[in-house]
Amino acid sequence: MVNRERAALGKVPRWLFGMGMVVAFAAAGDAVQVLTGLPIPGSTLGMIALLVLLLTPLRGWLTRMVAPAADSLIAVLPLLLVPLAVGVVGSFGEIAENALAIIAALVIGWLVTFLTAAVLADWLMRRSS
Amino acid sequence: MIWALALTLLVWGAASWLARFGRGVLNPVLVSTIVIGAVLLIGRIPLEDYREGTVPITALLGPAVVALAFAIHRGARRLGRLLPVLVIAGVVATIVGAATTVAVAWALGASDDLLRILAPKHATSAVSAAVAGVLGVDASLAAVFSILTGILGAIAGPPLLRLIRVKDPVAGGFAVGLSAHAIGTARAMEENPTMGESSALGLALASLLVPLTILGASLLRWL
């Protein structure tokens with residue numbers, strides 16, 4: 001059964017099928033977001049749905065068919081961000097106007113998030129072991 | 001408009017090659033953004049044209065967030081017993097961090113819209129831009145703030161861990177990924193594989209926790 005499936009779906013078709021599945025989850029998430037008006041992005045809803053399915057017996061099938069494409073997407077995530085970042089060219093004015101507030105919020109916000117996560121995780125881990 | 005796609009991929013390729021010599025400072029996202037931004041400004045190319053041409057890339061952002069489900073699942077299985085601890089740390093750090101970000105910006109006179117743009121910034125840009133879109137504020141600015149946060153975390157994260165003496169690679173990697181998403185994770189993977197793995201879990205968890213935190217805040221009418 002597994003062998004026949006492997007023969008029917010070679011590496012590249014399987015990758016493309018997996019890509020189609022991931023895109024379909026994102027599209028379904030977007031549709032749910034628009035219909036419900038939830039302030040959570042559709043892509044996050046799609047991720048939650050996929051995560052729930054990974055806790056069911058479908059896990060093996062999803063890992064075999066969808067994970068290769070998903071891993072490729074995660075690997076190129078930083079590249080996907082570049083066109084969005086280039087959008088900053090159009091927002092120089094707004095950033096310059098609020099430069100102090102933005103820089104302070106970015107730096108202090110990051111520091112607090114980072115230190116809280118690092119120190120709390122380290123402390124809890126040492127306590128539990 | 002297909003030139004925009006070629007430009008992005010070629011500059012990205014060159015920037016990732018260059019990054020090998022930079023020890024985290026020559027961040028490929030930062031370098032690519034500066035080079036492409038300069039090309040657009042010097043060539044007087046409208047941003048709209050570039051955006052239209054790169055739709056094939058940006059269209060994959062949502063699917064990439066969905067794909068993170070595998071990273072969460074895999075990290076959760078591997079870290080097993082440690083998972084509850086990391087989730088607790090992640091939830092607390094996300095709420096405290098987002099609240100601090102908004103409070104600092106508010107105290108320095110940022111507008112309500114700007115607060116909404118800044119709030120989701122420690123999630124990956126794909127998430128923060130989508131959250132901004134849902135809140136009805138500038139998505140590209142939200143993406144840029146995420147990227148700046150990521151670069152900051154990638155450069156300052158590992159040395160800071162040594163400074164505060166957090167030696168555990170799981171805790172350290174997790175903090176880098178949670179606070180500095182994909183850009184921090186790329187850096188953590190250079191440090192060592194254990195750090196990279198827990199950083200990937202942190203990144204994936206943040207992309208789940210940040211929208212939920214914003215949802216909570218908006219239900220309480222704080223945003």
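Computed over heavy atoms, backbone and side chain alike; hydrogens, waters and symmetry mates excluded. Numbered from 1 within each chain, the chains take letters A, B, ... in sequence-line order.
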B:Phe174 and B:Leu205: CA distance, side-chain angles, deciding distance, side chain to side chain contact (heavy atoms under 4.5 Å, CB included) verdict: CA-CA 10 Å; B:Phe174 179 75; B:Leu205 212 54; 3.9 Å; yes
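For a residue to count as touching a neighbouring chain, one of its non-hydrogen atoms must lie under 4.5 Å from one of that chain's; by this rule B:Tyr50 touches chain A with the side chain only. With a 4.5 Å cut-off on non-hydrogen atoms, B:Ile147 touches chain A through its side chain but not through its backbone. For B:Leu82, the part lying under 4.5 angstrom from a heavy atom of chain A is the side chain only. Interface remark: A:Asp71 contributes side-chain atoms only to the contact with chain B (heavy atom separation under 4.5 Å). For B:Ala156, the parts lying under 4.5 angstrom from a heavy atom of chain A are both the backbone and the side chain. When heavy atoms are compared at a cutoff of 4.5 Å, B:Val176 approaches chain A by way of both its backbone and its side chain. If you measure heavy-atom distances from A:Val66 to chain B, the contacts under 4.5 Å come from both the backbone and the side chain. Only the side chain of A:Gln33 comes within less than 4.5 Å of a heavy atom of chain B; its backbone N, CA, C and O stay farther away.
Annotation: salt bridge (charged side-chain N to carboxylate O under 4.0 Å, His left out) contacts of B:Asp49 (sequence neighbours excluded): none.
Pairs engaging residues 173-184 of chain B under the side chain to side chain donor-acceptor pair (under 3.5 Å) rule: A:Trp110-B:Ser179 [sequence neighbours left out].
With respect to chain B, the highest number of heavy-atom pairs below 4.5 Å among A:Gly87, A:Ala117, A:Ala70, A:Pro41 belongs to A:Pro41. The choice from A:Val107, A:Leu53, A:Ile74 that makes the most heavy-atom pairs within less than 4.5 Å of chain B is A:Ile74. Of all the listed residues (A:Val82, A:Asn98, A:Leu115), the one sharing the greatest number of non-hydrogen pairs under 4.5 Å with chain B is A:Val82. Per-residue counts of heavy-atom pairs under 4.5 Å with chain B were compared for A:Leu45, A:Thr113, A:Thr116; the largest is that of A:Thr113. Most heavy-atom pairs under 4.5 Å with chain B: of the set A:Ala118, A:Ala75, A:Gly18, A:Gly46, this distinction falls to A:Ala118. Your options are A:Thr63, A:Val76, A:Ile103, A:Ile102, and the one with the most heavy-atom pairs under 4.5 Å with chain B is A:Ile102.
Proximity of B:Leu9 to A:Leu79: side-chain heavy atoms (C-beta onward) are separated by under 4.5 Å at one or more points. Residues A:Leu73 and A:Leu77 form no side-chain contact, since every pair of their non-hydrogen atoms from C-beta on lies 4.5 Å or further apart.
The minimum heavy-atom distance between A:Ala85 and B:Thr33, with the atom names listed, is CB-OG1, 3.4 Å.
Figure legend: A:Arg126 and A:Trp123 shown without cation-pi pairing, the cationic atom not lying both under 6.0 angstrom from the six-membered ring centre and within 45 degrees of its axis.
In this structure, the separation between CH2 on A:Trp61 and CE on A:Met21 is 4.0 Å, given to the nearest 0.5 Å.
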